[in-house]
Structures are given as C-alpha cells and as structure tokens.
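To keep things clear, I will list the structure first and then write my remarks on it.
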Amino acid sequence: MDGTDGARYLRIAAELRGRIESGELAPGDRVPSTREITRQWGVAMATATKVLTELRTAGLVRAVPGVGTVVADPRAGARPSAPTPVPAPAPAPVPSSVRSGAPARRSPRDAALTRERIVAAAVSVADAEGLAAVSMRRVAADLGVAAMSLYRHVVDKDDLVLRMMEDVFGRRTFPEQPPEDWRERLALAGRMLWEAFRSHPWLAPALSVTRPQIVSTALPFTEWVLTALQDRGLDQWTVFTTHLTLFNYVRGTAVSVEAEAEAEALSGLDAEEWMTTQEPALLALLATGRYPLLARYLTDGYDFDLDRLFEFGLQRILDGIAALMADTP
C-alpha cells in the first residue's frame with residue numbers, strides 16, 4: 001500500500017466516524033463492507049480492511065456473524081480509542097541454559113486461541129462480506145488478538161480458506177441408510193451441495209473444478225455419488241464424469257449467489273426490485289416487434305426463482321443420466 005492509500009484509509013475512516021457520531025448511522029446499522037468500500041471509494045482491499053479495523057479499534061463498530069460490520073451501541077460500554085492491553089502473567093523462572101531460546105510471552109487472548117475459533121471467525125467474515133474480506137489481519141482483529149498469533153495455527157490465507165471449506169462440508173452428513181433408488185441418492189447429494197452453497201455464498205467461487213482442492217470433508221459427497229452410479233452398467237470414465245457434471249452444475253448455478261448478494265448490498269435492491277428498474281428499457285425493446293416470442297413469454301409473466309431454477313436443472317440432469325443408463329447394454 002502506498003502513502004496515498006495510507007492517507008485515504010484515515011480519511012475514509014474519519015468520514016464514516018462522522019456519519020456514526022452524527023447519528024446518520026445508528027447503533028445496529030450496517031456500515032459499508034470492505035467490498036463496498038473498495039467500490040465506493042476506489043481503494044484496494046487492504047485499504048478497506050484498514051478502514052474497518054480503525055473503526056473497530058475505536059470501538060465504533062463490531063462484527064456480527066451472518067450480518068456484517070454494524071455500528072456498536074455505546075450503551076454497551078465505553079468506546080476506547082485503542083484496545084486496552086491485557087498484562088501477561090509473570091513467567092516462571094527459566095534455567096539460563098534454555099532462557100535464550102524461550103518463545104516470546106503470549107497474551108491470555110493469544111494463549112486461548114484455537115484453530116477452530118480462527119476458522120469460525122473467518123467463515124463469519126466470508127459469509128457476511130465475501131471471501132475477499134478475509135485476511136489474517138481482519139480475522140485477528142475480530143478475535144481481538146495479534147495477527148501473528150494466527151500463524152501458530154494456520155500456515156497462511158490459502159490454508160485458512162481450505163480449513164474453512166473443511167469446516168463447512170464437515171457440518172453436513174449423509175444418512176446412514178441411503179435411499180435405494182440411485183436417482184434419489186443423487187438428488188439428495190445435489191440438494192445438500194446447493195444448501196451449503198446457499199448458506200455460504202463464497203464457497204462455490206472458492207472451489208475449483210480444474211484444480212480441485214483436497215477438502216477431506218467433501219470426499220464423502222464424491223463417494224456417495226460414485227456409489228450410487230456404481231454397477232449401473234456405466235464404465236468408469238462415464239461414472240466419474242457424471243459425478244463431475246453433477247457437481248459442476250450445482251457449483252456453477254451457485255456462483256450467482258455471491259454475485260447477487262454483492263449486487264444487493266451495493267445497490268440496496270433485491271433482484272426483483274432491480275428488474276423493476278430495467279422494465280421501461282425492456283418494454284421499449286419489446287415494443288419494436290422484433291422479439292415476438294420473448295414479448296409473449298415476458299408479458300404473460302415469468303417468476304424468476306433461483307432455487308426453482310436449480311431444482312429444474314437438477315431434474316433434467318437426472319433425466320439425462322437415466323437415459324444414459326437405458327442406452328447402455
């Protein structure tokens with residue numbers, strides 16, 4: 001970050017502080033996320049993160065899992081200008097032979113830090129503001145610890161994201177007694193994936209199909225699908241490709257979830273409200289008569305629902321697999 005961005009983060013923080021102190025942003029109101037700050041003020045993500053860290057350090061805002069960063073309620077306690085350091089307990093006497101190699105003392109908060117707490121905090125940030133908002137510094141700030149203390153539990157951000165994925169998939173389990181019908185098994189797997197992606201919009205874009213990450217808790221999904229397709233007359237390549245096709249369909253559809261959440265946060269309009277703003281321009285195009293079928297279907301009304309779209313596509317994929325099995329000797 002150059003000197004210009006360094007000065008800008010202070011100006012942006014001062015602007016948001018003014019809006020909070022004037023009452024324009026009341027306690028409990030959401031403040032702009034890091035993603036919104038980068039777009040609204042045209043700064044880098046690191047600068048946007050420093051803005052929220054500055055406000056959080058001043059006690060003006062706090063992170064709420066599943067919601068985002070909101071204005072703190074001053075009645076909940078005094079707002080310190082800087083976090084109050086917690087004195088570390090006096091170290092026990094250490095023999096001089098090992099004293100020089102003793103690790104630096106850790107604060108009680110750092111000592112109580114666990115990998116599970118780090119991952120949970122990172123998931124909360126990603127759920128509320130997107131994966132781009134997750135950084136070691138941001139997660140440490142939410143936990144009230146030094147950023148360097150995180151490296152005792154995770155290697156770097158890539159390692160943290162992998163553990164976030166493992167945490168999300170690890171909370172979802174298949175029934176011990178699977179349905180007898182292969183189609184029901186695949187439908188169950190597809191819906192479970194869809195629910196995970198809907199609950200965590202950052203997850204689908206974070207997963208790669210061409211360079212898949214080794215997410216141990218996601219492997220039961222693969223095994224479940226392969227087992228459902230095994231011994232159905234399909235060769236090994238077709239079985240595994242069918243698994244990939246199902247996964248990529250669910251993931252590809254879910255990629256729109258994070259983009260929609262971001263667009264709604266930036267515009268303040270949900271998908272239906274945004275479409276209403278586009279209606280005059282669309283009607284003007286349809287009035288030219290060049291698109292009679294499009295005009296007919298839209299005039300009769302089309303209720304766009306992402307969950308319904310997903311379910312329709314899932315059933316068509318299963319229809320295709322059924323036809324493939326029927327054509328296989």
Side-chain angles (χ1 to χ4, degrees), residues 1-85 109 117 120-147 199-202 257-277:
M1 180 175 64
D2 60 26
T4 302
D5 272 358
R8 291 198 70 183
Y9 99 83
L10 291 174
R11 290 199 297 269
I12 298 169
E15 181 179 334
L16 292 174
R17 176 193 286 268
R19 293 170 62 184
I20 293 171
E21 293 177 345
S22 69
E24 180 183 346
L25 290 173
D29 286 351
R30 280 193 63 208
V31 299
S33 66
T34 50
R35 191 159 26 187
E36 292 167 332
I37 292 173
T38 60
R39 290 178 181 257
Q40 187 172 343
W41 279 276
V43 295
M45 181 62 70
T47 303
T49 300
K50 291 199 69 175
V51 171
L52 293 184
T53 301
E54 177 77 10
L55 296 175
R56 195 176 297 109
T57 300
L60 294 169
V61 301
R62 62 188 182 90
V64 178
V67 176
T69 303
V70 303
V71 178
D73 188 346
R75 294 172 298 182
R79 298 187 303 202
S81 58
T84 303
R109 285 184 177 180
R117 288 185 60 208
V123 170
S124 293
V125 172
D127 287 349
E129 302 180 36
L131 194 59
V134 176
S135 67
M136 303 298 260
R137 178 177 295 179
R138 169 63 190 278
V139 173
D142 281 7
L143 291 171
V145 299
S199 300
H200 306 279
W202 54 271
V257 176
E258 185 181 39
E260 171 56 27
E262 178 181 351
E264 184 171 338
L266 292 173
S267 67
L269 304 174
D270 61 24
E272 186 174 350
E273 292 169 334
W274 183 85
M275 284 298 296
T276 300
T277 67

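Source: prediction; values computed, not measured.
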For this session: Please test Thr69 against Arg56 for side-chain contact (heavy atoms from CB on, under 4.5 Å), starting from the C-alpha separation and ending with a verdict.
Result: CA-CA 9 Å; Thr69 303; Arg56 195 176 297 109; 3.9 Å; yes

Exercise. How long is the gap from CZ on Arg30 to CD on Glu129, to the nearest 0.5 Å?
Worked result: 7.0 Å

For this session: Work out which heavy atom in Ala122 is nearest to a heavy atom in Val134; give both atom names and the distance.
Result: O-CG2, 3.7 Å

Seminar exercise, completed: With sequence neighbours left out, the residues meeting side chain to side chain contact (heavy atoms under 4.5 Å, CB included) with Glu24 are Arg19, Ser22

Problem set entry | Residue of the set Ile20, Val51, Val70 for which side-chain contact (heavy atoms from CB on, under 4.5 Å) holds with Val61 | Ile20

For this session: Answer whether the closest heavy-atom distance between the side chains of Val31 and Leu16 falls below 4.5 Å.
Result: no

Problem set entry | Flag side-chain contact, heavy atom, 4.5 Å: Leu52 against Ile37 | yes

Exercise. Hey, mind stepping through Arg62 and Asp73 against salt bridge (charged side-chain N to carboxylate O under 4.0 Å, His left out) and telling me if it holds?
Worked result: CA-CA 9 Å; Arg62 62 188 182 90; Asp73 188 346; over 6 Å; no

Problem set entry | Check: Trp41 main-chain N/O paired with Arg8 side-chain donor or acceptor under 3.5 Å | yes

Exercise. Looking at Ala147 and Ala140, what are the two nearest heavy atoms and their distance?
Worked result: CA-CB, 3.5 Å

Problem set entry | Between CG on residue Leu131 and NE2 on residue His200, distance to nearest 0.5 Å | 12.5 Å

Seminar exercise, completed: Nearest heavy-atom approach of Gly59 to Ala72 is O-CB, 3.6 Å

